[in-house]
Participant: 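Below is a structure I'd like to ask you about.
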Number of protein chains: 2
Amino acid sequence: MIPDTRPSAEPLSKQRLRLWLRFLKAQSSIEAEIRRRLRDQYGSTLPRFDVMSALARFPDGLKMSEISGLLKVSNGNVTGIVDRLTQDGLALRVAVPGDRRAQLVRLTPAGQTAFAELAQAHEAWLDEMLGGLGPNELEALGALLDGVFDHLGEGGN
Amino acid sequence: MIPDTRPSAEPLSKQRLRLWLRFLKAQSSIEAEIRRRLRDQYGSTLPRFDVMSALARFPDGLKMSEISGLLKVSNGNVTGIVDRLTQDGLALRVAVPGDRRAQLVRLTPAGQTAFAELAQAHEAWLDEMLGGLGPNELEALGALLDGVFDHLGEGGN
DNA sequence: CACATCTATTTCAAGCATAAAATTTCTTAC
DNA sequence: GTAAGAAATTTTATGCTTGAAATAGATGTG
């Protein structure tokens, strides 16, 4: 097929803007549905899930600043979320031997159980909501996202 | 090229999950940069920009509930944002003749000027950040997003 | 050891977001 | 016209998020 190289009536910047708006709409409608289900079915939230997810990947515990670094959110933000997880008995803070400033946060056994259940539901929800994407579409979308990242200069992390 | 039709080692649900995480990462790093620039360069925010954008498209004004409907956010949310825009002299509430419950929100002239400037910067930023996407990529990405929407049953609006 | 500096975390003030309750006003059915 | 219900909006309580300031502890240099 011969690519259409005619200058479009609409400038490229407008096309990029419109694509961004569609991108945002897809993202936020999916995310809103996930938040709703976390709330209604599990009495939880996406920020809590994100923190638990990080903690689940590091059974030896994470320092507060490591959590905020992984999730790319502020320190003060993590303080509040971990406070609430701790109140609910899902996480706990343990002292770091050599450093009285820092603490390691870990999932409690109850937290591990709760997270396993949430993670399974989360994966199933996404599988359902992204069901329109088969293997080829997934690969194509992944490649396009790589293009975005390359240009943003954020390949790593 | 012969498509690889072998059953992948990784189940499709996991692939969808991983794609979603990359999708989220792209979206949130771009959005974070936009929020940062709105704040640092214009002393504004994305929610304010979204509301002003809706108001700019309807010069005759919008009722509070119309704004929240367009932006798909709660009523109480809009109350606060419009309050702050009004305090800053960018929007105003005018009475609706036949209905003392409702009010029309409009941009002030200052609000129109401010929005025009923000909108131009916003488009330029996206053009820069999505610069990795040429016409063909834009079209391909648009088509893939359509596939997602179709499956979500959210074609319209 | 003292002092400056750096690091880890929490606290604070402001704004954003929601769902649920409350208020005010309109409409409709009698 | 009055009472019941619906509609438009605000208020409230709670949680998430940020950047900046505060606190406490560690580290390094003289």
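Every chain is numbered from 1 and lettered A, B, ... according to where its sequence line falls, protein lines coming before strand lines.
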Participant: Is there a donor-acceptor pair under 3.5 Å between the side chain of Arg22(A) and the backbone N or O of Gly142(B)?
Facilitator: yes
Participant: If you define the side chain from C-beta out and look only at heavy atoms, does anything of Leu12(B) sit under 4.5 Å from Leu138(A)?
Facilitator: yes
Participant: Using a strict heavy-atom distance below 4.0 Å, which residues from residues 99-108 of chain A are in contact with DNA chain C?
Facilitator: Arg101(A), Ala102(A), Gln103(A)
Participant: If we ignore hydrogens and angles and just use 3.5 Å, is the side chain of Thr108(B) paired with the main-chain N or O of Gly89(B) as donor and acceptor?
Facilitator: yes
Participant: According to ring-ring contact (aromatic ring centres under 6.0 Å, His included), who are the partners of Phe49(A), at least two apart in sequence or on a separate chain?
Facilitator: Phe115(A), His122(A)
Participant: Does the Glu137(B) side chain pair with the main chain of Gly134(B), one donor and one acceptor, at a distance under 3.5 Å?
Facilitator: yes
Participant: Do Leu85(B) and Leu92(B) have side chains that approach each other closer than 4.5 Å (heavy atoms only, starting at C-beta)?
Facilitator: no
Participant: Under a 4.5 Å cut-off applied to non-hydrogen side-chain atoms, are Leu104(A) and Asp60(A) in contact?
Facilitator: no
Participant: Quick one, which residues of residues 39-62 of chain A touch DNA chain D with a heavy atom under 4.0 Å?
Facilitator: Thr45(A), Pro47(A), Arg48(A)
Participant: Would you call Ile30(A) and Val148(B) a side-chain contact if the rule is heavy atoms closer than 4.5 Å?
Facilitator: yes
Participant: Indicate yes or no: at least one non-hydrogen side-chain atom of Glu31(A) is less than 4.5 angstrom from one of Leu24(B).
Facilitator: yes
Participant: Expected output is a numbered-order residue list: members of residues 76-86 of chain A with a heavy atom under 4.0 Å from any atom of DNA chain C. What is it?
Facilitator: Gly76(A), Thr79(A)
Participant: Check every strand shown and say whether Ser65(B) touches a base, only sugar-phosphate, or nothing at a heavy-atom separation below 4.0 Å.
Facilitator: sugar-phosphate
Participant: Would you mind writing out the side-chain donor-acceptor pairs for residues 38-48 of chain A within the sub-3.5 Å range, not counting sequence neighbours?
Facilitator:
residue: Thr45(A); atom: OG1; partner: Arg48(A); partner atom: N; Å: 3.2
residue: Arg48(A); atom: NH2; partner: Asp88(A); partner atom: OD2; Å: 3.4

Participant: Given atom CD1 of Ile67(B) and atom P of dT9(D), what is their separation to the nearest angstrom?
Facilitator: 9 Å
Participant: Shoot me the first and last contacting nucleotide of DNA chain C against chain B, ordered 5' to 3', at under 4.0 angstrom to non-hydrogen atoms.
Facilitator: dG15(C) to dC26(C)
Participant: Are the side chains of Leu19(A) and Leu145(B) in touch, meaning some heavy atoms are under 4.5 Å apart?
Facilitator: yes
Participant: So what does Arg93(B) touch, heavy atoms closer than 4.0 Å: a base, only the sugar-phosphate, or nothing?
Facilitator: sugar-phosphate
Participant: Quick one: does Lys14(B)'s side chain get under 4.5 Å of Glu123(A)'s, heavy atoms only?
Facilitator: yes
Participant: Return the value, rounded to whole Å, for the distance between atom NZ of Lys63(A) and atom P of dG25(D).
Facilitator: 16 Å
Participant: Can you check the Lys72(A) NZ to dT17(D) C1' distance for me, whole Å?
Facilitator: 17 Å
Participant: Do Trp125(B) and Glu33(B) come within less than 4.5 Å of each other through their side chains, counting heavy atoms only?
Facilitator: no
